[in-house]
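Proteins come first, then strands; the chains are lettered A, B, ... in the order of their sequence lines, and each starts at number 1.
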Amino acid sequence: MADDRALDLPQGTLDLLILKTVALQPQHGWAVSQRIQLISSDVLRVQQGSLYPALHRLERRGWIKATWGASENNRRAKYYEITSKGRAQLDAQADAWRRLTLAVGQVLDLT
Amino acid sequence: MLSDLRYRLRAIFRRAAVERELDEELQFHLDRYVEAEKRSGVPHGEAVRRARLVFGGVDRAKEESRDGRGLFLLDTSLRDLRQGARTLARSPGFTVVAMLSLTLGIGANTAMFQLLNALALRPLPVAHPEALVEIRLPDEDLDRARGGFARYPALTHPIWEHFRDRQEAFSQVFAWADDAFNLAPSGEVRLARGLWVSGDFFTALGVTPAAGRLLSPSDDRRGCGLPGAVVSYDFWQRELGGDPSLAGRKLTVNSHRVEVIGVAPEGFFGVKVGQTFDVAVPLCSIATMRPQVNMLDSGTTWWLTVMGRLKPGWAAERADAHTRAISPSIFSATLAPNYPAVSVASYRAFQLTTRLAGGGISTLRETYTRPLRLLLAMTGAVLLMACANLTNLMLARGAVRHRELALRLALGASRGRLVSELLSESLIIAIGSAVAGAFLASTLSRMLMTLLGTSANPIVLSLDTDWRVLAFTASTSVATCLILGLMPALRVSRRSPGEVIGPGSRGASPDHESVRLRRSLVVAQVALSLVLLVGALLFVRSFRNLLVEPLGFERNGVLIVDASLPPPLPAPEALAATKRDLMARLRTLPTVSGVAETSQVPAGGNTTSNTVWLDGASRRQDQAFFSWISPGYFATLEIPRVAGRDLQDSDTAAAPMVAVVNESFARTFANGANPVGRRFWIEATPSRPETLYEIVGLVRDAKYQQLREAPKPVAFLSLAQREPRPGALFLVRASSVEAVVPMVRQALLAVNPNLRFVFRVLDSQIRDTLRRDRVMAMLSALFGLLAGVIAAIGLHGVVSYMVERRRREIGIRLALGATRSTIVADVFRESGRLVAAGLAAGILASLVLTRSAATLLFELTPHDPATLAMAVGGLAVVAGLASYLPARRAAHVDPAVTLKDE
């Protein structure tokens with residue numbers, strides 16, 4: 001199962017990725033995990049088991065909300081979509097993340 | 001925040017639906033994964049396997065999702081409790097034993113705490129008790145105060161009046177004294193607990209009447225006569241039938257008719273904790289009820305407790321400075337004309353001080369706080385030991401359940417969940433026992449209160465459950481639960497599943513750490529039980545010492561007759577004639593072998609003392625103690641005479657003043673030489689100038705005030721040479737005290753039908769003074785035995801367990817030719833190590849801990865080596881017995897059977 005190219009997620013970034021993914025369009029859990037892996041060109045590995053606790057945590061905080069809908073193959077699936085509160089949170093966290101990576105990058109690029 | 005709450009509530013109350021949705025969601029995910037794998041050509045079975053592998057533990061994901069939903073606390077606890085209850089129901093034997101022992105343990109602890117709380121912690125049930133202070137003389141001043149003390153500490157009425165009129169620190173001040181009132185109109189006395197109160201008493205305490213009205217300042221004026229009495233709520237219910245219309249209701253109080261004007265509220269007992277009152281009358285009424293002593297103007301009769309309520313904004317220190325500042329003027333103004341000249345300077349220098357009294361006034365508190373603390377510590381130790389035994393059982397159960405728990409751990413259940421599930425079992429036990437224990441406690445504490453009081457002097461404490469008791473019971477049960485559950489739970493869940501269910505494991509084999517834990521528990525139990533046993537032996541031996549302590553007089557077969565004449569008093573000659581007549585009649589009664597009068601009963605708690613010096617010697621500050629007696633006193637009490645003569649009828653007021661002294665007196669004042677014929681001075685008192693007495697006789701030492709005293713120098717003076725008093729104490733020696741009582745009653749009434757009298761038995765009166773020691777001996781013996789039994793059970797359990805574990809080894813050794821006695825010796829060596837370690841720790845602990853019992857012991861030091869040796873020996877024997885059974889079982893292991901089993 002270990003893949004040398006795949007990175008484990010830094011602590012706390014899973015929430016950010018989920019928020020971003022469901023911000024694009026309402027998704028069910030499976031799609032969220034696929035989407036993250038796809039977009040990140042298979043570099044980021046989400047432990048699938050840990051996705052659902054994160055989804056439920058975000059739902060409790062009111063950053064995403066869930067509705068039951070029909071999936072592509074007509075099964076009942078739980079779709080998550082971002083709330084306005086979640087969008088604000090996403091903006092703030094994304095901004096913080098960018099500043100953090102920029103700063104870390106600058107330090108690392110010092111010659 | 002609101003969405004959070006809604007979410008959590010739905011998660012809790014729609015649990016089934018939420019769980020179903022979670023299942024469905026995860027299943028959907030897995031199915032999609034399988035689909036995707038199959039599309040890329042993986043066979044179905046393999047796809048399912050991969051899906052699960054990549055997903056990780058489904059149960060863990062569920063578990064964490066539940067945590068994510070935020071229902072950890074409430075929901076999982078409910079689930080754990082249900083699970084715990086099911087587990088407990090599966091082993092009813094364990095559950096019953098655990099509940100019973102903890103109910104008893106928590107019940108006993110709570111009972112002790114209830115008493116301690118009622119006696120020493122709880123504030124008075126009055127308005128704003130924190131602002132109440134007592135105004136009194138410091139002990140060193142009281143020691144120098146002269147006159148008669150009706151109670152201790154106390155102030156005189158003139159001091160009270162001057163203080164009341166001059167003080168500025170208190171919004172209200174009040175004074176009171178307790179007393180025994182006689183409610184019977186004539187004949188045998190019917191005693192009630194009486195209170196003399198100043199007019200402000202009830203208003204300052206902020207109590208409101210249950211019926212009628214309470215006494216007010218206008219009732220308490222000099223010359224008031226008998227304006228009325230307030231009765232307690234209990235007295236009202238008991239004696240007056242709770243009749244709300246009090247109109248015209250009258251009581252006989254000390255032969256006077258007094259109108260009942262009101263009823264104090266329910267639960268109000270005054271300000272003396274441990275006592276209650278029946279009837280309260282204003283201070284000024286004492287002038288009518290006791291005309292013979294002018295209590296209101298006497299500057300040498302100390303009988304009042306003075307208290308006050310601090311003005312808002314006044315701290316206790318400021319009030320104290322104020323009372324000290326006004327003291328010189330108060331004491332100058334109240335100096336009695338008859339105050340002994342030698343003591344006038346110290347009287348003028350007295351300083352009134354204040355101390356906070358929100359908890360009330362109590363002599364009982366000084367007597368019982370330390371014993372109760374010790375008893376609480378003992379019950380606490382017993383509970384701890386019982387917990388240790390149950391922990392042992394839990395560990396044993398944990399060993400059995402290892403496989404189940406390891407399996408669940410392997411399947412992804414979190415350790416935290418397992419721990420909380422195991423804890424919930426002990427939580428159920430602890431809470432169940434706490435509730436049952438609280439009920440038990442109220443019965444136990446009431447029993448103990450009855451045990452500590454006497455019928456003549458019952459202890460009345462309000463044992464209601466307040467927040468302190470609740471907090472105590474709750475924290476006890478939480479501590480119990482943690483001790484019980486946490487160790488085994490942590491032990492069980494810390495092990496890796498592989499250890500338990502991996503290949504080669506024998507499943508239920510417990511780890512070494514939990515064996516070590518159980519052994520150290522037993523060591524601790526042995527140590528604790530040794531401490532309790534030492535304590536028990538100390539108290540039992542101390543009580544025995546008190547019982548066999550030579551009194552110097554014969555306590556059996558003596559009836560005390562406490563008689564008095566109601567006012568108006570006859571002339572002194574008539575009074576003396578009445579007494580002579582009565583004693584002559586008593587002497588003629590059948591079986592009566594001796595009759596005497598005395599001013600105080602020996603070992604009865606009272607003292608009278610003054611400075612004494614031999615005539616011609618320099619005036620030193622040695623104190624002697626006094627009893628005024630009639631001729632025949634020594635014969636009646638069977639106190640042997642060493643030299644000289646007894647007092648005689650001829651030693652009257654007209655004759656020279658004479659005294660019989662005891663050997664201690666001779667040692668103290670005459671260097672042990674025969675003092676007969678020598679003369680001594682007694683320093684002036686308020687009622688008598690410096691007086692010279694001649695010693696006419698010498699008697700053996702006898703107890704004077706109480707059993708716990710070193711011999712005191714006592715001078716016995718003649719009653720006939722002292723001013724007559726209205727009351728008298730007669731000692732009647734008879735072969736059967738019970739049989740003589742009705743005849744004595746007849747004789748008393750024949751002499752004067754107006755006599756008031758009450759009977760007591762000398763022996764029971766002395767025994768009553770030992771009730772604290774008796775209760776301490778009984779209870780500590782009980783706890784010591786209990787501790788021994790618990791330690792034996794614990795040891796037996798652990799040794800049996802060791803034998804069980806080594807069954808195979810023992811079998812092999814027996815097969816190889818070891819003798820059975822070697823095996824027995826081996827088991828004994830193992831248990832002996834535990835016991836020895838426990839005893840060593842216990843000895844050290846007792847040396848430290850028993851020191852706090854020192855003041856309660858009589859003629860015994862807390863480090864008494866014999867006591868320690870007895871306790872160690874006793875416990876060693878018990879431990880030997882507890883190990884013998886498993887050792888015998890070990891010796892009877894059948895090698896053939898054991899080896900075939902494996």
Engineer: Does a sphere of radius 6.0 Å around CZ in Arg468(B) hold more than 12 heavy atoms from other residues, nucleotides or ligands, not counting ones at 6.0 Å or beyond?
Structural biologist: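 Above 12, so yes.
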Engineer: Would you compute the distance between atom CD of Glu21(B) and atom CH2 of Trp68(A) and round it to the nearest 0.5 angstrom?
Structural biologist: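 If I round to the nearest 0.5 Å, the distance is 5.5 Å.
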Engineer: Counting C-beta onward and ignoring hydrogens, is there a side-chain heavy-atom pair between Phe28(B) and Arg76(A) closer than 4.5 Å?
Structural biologist: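 The answer is no; the side chains never approach within 4.5 Å.
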Engineer: Report the option among Gly29(A), Ala77(A), Ala66(A) that has the most heavy-atom pairs separated by less than 4.5 Å from atoms of chain B.
Structural biologist: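 When all of Gly29(A), Ala77(A), Ala66(A) are compared, Ala77(A) has the most.
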Engineer: Would you say that His29(B) contacts Tyr52(A) through its side chain, given a criterion of any heavy-atom pair below 4.5 Å between the two side chains?
Structural biologist: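 Sidechains of Tyr52(A) and His29(B): in contact.
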Engineer: If you measure from CG on Leu26(B) to NZ on Lys78(A), what distance do you get to the nearest 0.5 Å?
Structural biologist: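 Answer rounded to 0.5 Å: 9.5 Å.
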Engineer: Taking only residues two or more places apart in sequence, or in another chain, which ones meet Arg90(B) in a side chain to side chain donor-acceptor pair (under 3.5 Å)?
Structural biologist: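 If we apply the side chain to side chain donor-acceptor pair (under 3.5 Å) test to Arg90(B), skipping adjacent residues, there are no hits.
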Engineer: Roughly how far, to the nearest 0.5 Å, is NE2 of His28(A) from CZ of Arg32(B)?
Structural biologist: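 Reported to 0.5 Å precision, the distance equals 5.0 Å.
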